[in-house]
There are 2 protein chains.
Amino acid sequence: MLSPTPIRVEPLRTACSSCNLRELCLPLGLSESDMTRLDGVINQRRTVARGQTLFRVGEEFHALYAVRTGFFKTCVNAEDGRVQVTGFQMAGELLGLDGIGSHRHTVDAEALEDSQVCVLPFDELEHLAREFTALQHQLHRIMSREIVRDHGVMLLLGSMRAEERLAAFLLNLTQRLQARGYSASELVLRMTREEIGSYLGLKLETVSRTFSRFQDEGILEVKQRQITVLEPDALQRLVSSAAC
Amino acid sequence: MLSPTPIRVEPLRTACSSCNLRELCLPLGLSESDMTRLDGVINQRRTVARGQTLFRVGEEFHALYAVRTGFFKTCVNAEDGRVQVTGFQMAGELLGLDGIGSHRHTVDAEALEDSQVCVLPFDELEHLAREFTALQHQLHRIMSREIVRDHGVMLLLGSMRAEERLAAFLLNLTQRLQARGYSASELVLRMTREEIGSYLGLKLETVSRTFSRFQDEGILEVKQRQITVLEPDALQRLVSSAAC
DNA sequence: CGTCTCCTTGAGGTTGGTCAAACCAGGTGG
DNA sequence: CCACCTGGTTTGACCAACCTCAAGGAGACG
């Protein structure tokens, strides 16, 4: 007796050309035909459960990853065990750029919630980038923007006080969420206080206290990881205010 | 009466293919013939006097710059006037990667001593990168390494104490100088205490005090900007020691 | 020789870190 | 259903690292 053929409909492969993230992700600015060719090399997805790593420091670098759904953090490790969160990545953002230079990953990328990524084999991406200019531009743009982002974090770490850091962090998050169609005032943090602290160069207690202070001042409503921004302008004023 | 034609010998154009920095700079890994083609697009130098800027935030981005001689710093400016030094660049290193993403420079690049740079028009570089793989790879490698470097600075700013930061800074400098044929133990700082402080997220007084402490401990000899590293291992131990 | 910039050093203050206790939400198992 | 556990969070008290302010010194240069 034949087992019944599975009825499960094979989901239509979500190609770049029909992906709802294409305005945020690598395909931005590509023509229809370019995008179709890009679809050709991006034919693999990976699912990463919350708490699992997409890649780790030292692993061989083969591909970039575009976040389709979910949320990641990246960390560098110091020799002595100290850890620094270098970024949080959400839908449409790329992971793995750090690995290009040495053919090895230099950060750990860990999913903070169940996530899915598109695998972009880097050799094929480079090959394609030689063939059509728009992809080459976009790749360069993305790398350059990552450098600019890092400079912003350096400014934050090098010269802001705790309140300013947290304000800048929250504004950045809400802006990115807004670009993805979410509310600019309601957000659910995917990361712990400790992870926020590591990113901002603060201890978790300081992060917690600063959240409480913002709540006391009526700038935020904080219910654990559920944050409501009541006074976005107050946050904005904090990040653009003189150091004292 | 004709003024005498100037006898000034036109100096032989130093091409990438015959540049003594080619093992540190963009041409690394290119074949003879590739390098000759690269020479074709790199036909302009700029001299930047000490204290002058090579480019400033907001200026249109046209080219990358490779430092031939001299020394630069790059700074980002916060809205409120705060400044953060994001890097120091020496011979063979590239300036301007930050501008690719937005077609505008996002940092100021200022010469800390009389300097000369090679102008690498970016359009032509991209064009060439589409034609030969080695250049494409090298460009990606350089951008990726800049990202990795930035992550290192984040780690430093986010989780190291003053002594560790200064030790890491000095080790980094001596390593880069050594790669350029200079002594690993004798160095002349091109930047002020304030600029070091800005880079390391410290105030100039703290930098000065930390130098003094290193001197008291016999790790360094400090005569203003003239530094002698007496105990490189002690510095190394500082950067790789646990936070406490 | 005076001026300027940069550097050093001291005294005292503040921010954020450390340590410790208690709280909370969610999950597990009796 | 409740007791219990766990990981994460909040809050307090105290402390240390670094900052601020201030004064003086060292070199470079006209």
Side-chain angles (χ1 to χ4, degrees), chain A residues 50-51 71 73 82-85 110 112-113 156-170 188-217 220-227 238 241-244, chain B residues 49-51 71 73 82-85 110 112-114 156-167 169-170 187-217 220-227 238 241-244:
Chain A
R50 178 180 164 175
F71 203 87
K73 70 168 178 182
R82 265 176 291 190
V83 174
Q84 171 79 24
V85 173
E110 181 184 329
L112 296 183
E113 57 182 13
L156 180 148
L157 291 172
S159 61
M160 290 188 178
R161 357 223 287 40
E163 289 196 347
E164 299 167 333
R165 293 185 198 194
L166 190 61
F169 170 72
L170 290 171
V188 177
L189 299 175
R190 254 68 232 215
M191 67 296 273
T192 67
R193 302 290 191 255
E194 185 169 16
E195 285 160 340
I196 297 173
S198 172
Y199 182 59
L200 298 179
L202 301 169
K203 294 289 146 179
L204 72 98
E205 294 95 330
T206 305
V207 175
S208 177
R209 273 186 249 270
T210 309
F211 269 126
S212 300
R213 192 159 344 135
F214 283 170
Q215 177 154 267
D216 293 347
E217 290 168 358
L220 301 179
E221 199 180 315
V222 183
K223 283 211 200 84
Q224 305 281 120
R225 301 199 180 178
Q226 181 85 40
I227 308 289
L238 266 171
S241 73
C244 172
Chain B
R50 180 182 161 172
F71 203 86
K73 70 168 178 182
R82 264 177 292 190
V83 174
Q84 171 80 24
V85 172
E110 180 184 328
L112 297 183
E113 58 182 11
D114 293 349
L156 179 148
L157 290 171
S159 61
M160 289 189 179
R161 358 218 289 48
E163 289 196 347
E164 299 167 333
R165 293 184 197 193
L166 190 61
F169 171 72
L170 290 171
L187 69 156
V188 177
L189 300 174
R190 255 66 231 215
M191 68 295 275
T192 67
R193 301 290 191 257
E194 186 169 15
E195 286 159 340
I196 296 173
S198 172
Y199 182 60
L200 299 179
L202 302 169
K203 293 290 147 181
L204 70 97
E205 294 95 329
T206 305
V207 174
S208 178
R209 274 186 248 270
T210 309
F211 268 126
S212 299
R213 194 163 338 138
F214 283 170
Q215 176 154 264
D216 292 348
E217 292 168 356
L220 300 180
E221 198 179 317
V222 183
K223 283 209 200 84
Q224 305 280 120
R225 301 197 181 179
Q226 181 82 42
I227 308 289
L238 267 171
S241 73
C244 170

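Letters go in sequence order (proteins before strands), and every chain restarts at 1.
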- Query: Quick one: are M191(A) and F71(A) in side-chain contact, heavy atoms under 4.5 Å?
  - Reply: yes
- Item | Spacing of R161(A) atom CZ relative to dT14(C) atom P, expressed in whole Å | 12 Å
- In whole angstroms, how far is the C1' atom of dT10(D) from the CZ atom of R193(A)? 9 Å
- Message: Strictly below 4.0 Å: does S212(A) bring a side-chain N or O up to OP1 or OP2 of dT11(D)?
- Response: yes
- If you take all heavy atoms of S198(B) and V85(B), which pair is closest and at what distance? OG-N, 2.9 Å
- Distance, rounded to the nearest Å, where F214(A) contributes CZ and dT9(D) contributes C1': 17 Å
- Side chain to side chain, E163(A) and R161(A), heavy atoms closer than 4.5 Å: no
- Query: Which part of the nucleic acid does T192(A) contact within heavy-atom distance under 4.0 Å: base, sugar-phosphate only, or nothing?
  - Reply: sugar-phosphate
- Task: May I ask you to verify if any side-chain N or O of R225(A) is less than 4.0 angstrom from the OP1 or OP2 atom of dG8(D)?
- Result: no
- Return the value, rounded to whole Å, for the distance between atom CG of L112(B) and atom P of dT5(C). 17 Å
- Note on the structure: Between A162(B) and F211(A), the residue closer to the 5' end of DNA chain D by nearest nucleotide is F211(A)
- Note on the structure: From CG of L200(B) across to P of dA17(D) the rounded distance in Å is 18 Å
- L202(A) near the nucleic acid: base, sugar-phosphate alone, or nothing, with a heavy-atom cut-off under 4.0 Å? sugar-phosphate
- Write down the distance between NZ (K223(B)) and C1' (dG25(D)), rounded to a whole number of angstrom. 17 Å
- Message: Under 4.0 Å from OP1 or OP2 of dC19(D): is there any side-chain N or O of T206(B) that close?
- Response: yes
- Tell me: CZ of R190(A) to C1' of dG8(D), nearest whole Å? 16 Å
- Side chains of L200(B) and L166(B) in contact at under 4.5 Å (non-hydrogen atoms): yes
- Of the listed dT8(C), dT20(D), dG16(C), the closest approach to the K203(B) side chain comes from dT20(D)
- Task: Enter the distance from R193(B):CZ to R225(B):CZ here, rounded to the nearest 0.5 Å.
- Result: 7.5 Å
Between N or O atoms, less than 3.5 Å apart, protein on one side and nucleotides 19-26 of chain C on the other: list the pairs.
from: dC19(C); atom 1: N4; to: E205(A); atom 2: OE2; distance (Å): 3.2

- Item | pair F211(A)-L170(A): side-chain heavy atoms closer than 4.5 Å | yes
- Pick base, sugar-phosphate or nothing for G201(A), based on heavy-atom distances below 4.0 Å to the nucleic acid. sugar-phosphate
- Item | Close side-chain approach of R165(A) to L157(A), heavy-atom, < 4.5 Å | yes
- Item | Nearest-angstrom distance from the residue atom CG of L204(A) to P of dT18(C) | 10 Å
